[in-house]
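Heads up: the structure comes next, in structure tokens.
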Amino acid sequence: MGNSIIAKLTKEEKKAIIYQCRTGYVFSTMLFLLGLFMVFIYKAYSLADTDNFNINEFILFGFILALFSLLLNYLINRKCMIDIRNGIKKQEIRKIQKKQ
């Protein structure tokens with residue numbers, strides 16, 4: 001139907017794409033901190049009776065949360081990062097059917 005043109009991204013367009021990526025960074029960071037806080041509270045209340053706070057379990061849960069947050073960040077931002085890495089955009093030229 002329409003022709004397409006492939007052009008390089010400008011600095012402003014790259015900046016706009018990077019700005020769109022912040023959603024993934026903010027969401028994954030908030031999820032990580034909330035999960036870490038919940039694990040800490042759970043450990044604090046479940047081990048309030050004893051003096052035996054196992055730091056290894058806390059580190060393990062923190063590590064798992066960090067991996068999950070990184071995976072989530074990758075899944076949210078992968079298309080933006082691919083666009084920035086390739087540095088090209090595809091523009092489609094079409095005819096306007098009706099003018100409003």
Problem - Leu9 vs Ile17 side-chain heavy atoms within contact, under 4.5 Å - result: yes

Practice task
Find the distance between CD1 (Ile76) and CG (Leu71) and round it off to the nearest 0.5 Å.
Solution key: 9.5 Å

Practice task
Quick one: name the residues clustered hydrophobically with Leu60, using the 4.5 Å side-chain heavy-atom rule over I, L, V, M, F, W, Y, and just say none if it's on its own.
Solution key: Ile64

Residues 24-41, side-chain donor-acceptor partners within the protein, below 3.5 Å, at least two apart:
| unit_1 | atom_1 | unit_2 | atom_2 | d |
| --- | --- | --- | --- | --- |
| Ser28 | OG | Gly24 | O | 2.8 |
| Ser28 | OG | Tyr25 | O | 3.3 |
| Thr29 | OG1 | Tyr25 | O | 2.7 |

Completion exercise
salt bridge (Lys or Arg N to Asp or Glu O under 4.0 Å) pairs touching residues 12-23, sequence neighbours excluded, are Glu13-Lys89

Fill in the blank from the handout: Note: with side-chain heavy atoms under 4.5 Å as the link, the other cluster members for Leu70 come out as none

Exercise for the section: May I have all residue pairs that pass side-chain hydrogen bond (donor to acceptor under 3.5 Å, both in side chains) and include part of residues 64-83, sequence neighbours excluded? Expected result: Asn73-Asn77

Fill in the blank from the handout: Residues joined to Tyr19 in its hydrophobic cluster, side chain to side chain under 4.5 Å directly or through other members, sorted by chain and number, are none

Handout entry: side chain to side chain contact (heavy atoms under 4.5 Å, CB included) partners of Ile5, counting only residues at least two apart
Key = Gln91, Ile93

Practice task
Using the rule that two of Ile, Leu, Val, Met, Phe, Trp, Tyr join whenever any of their side-chain heavy atoms come within less than 4.5 Å, decide whether Ile59 and Phe61 are in one cluster.
Solution key: yes

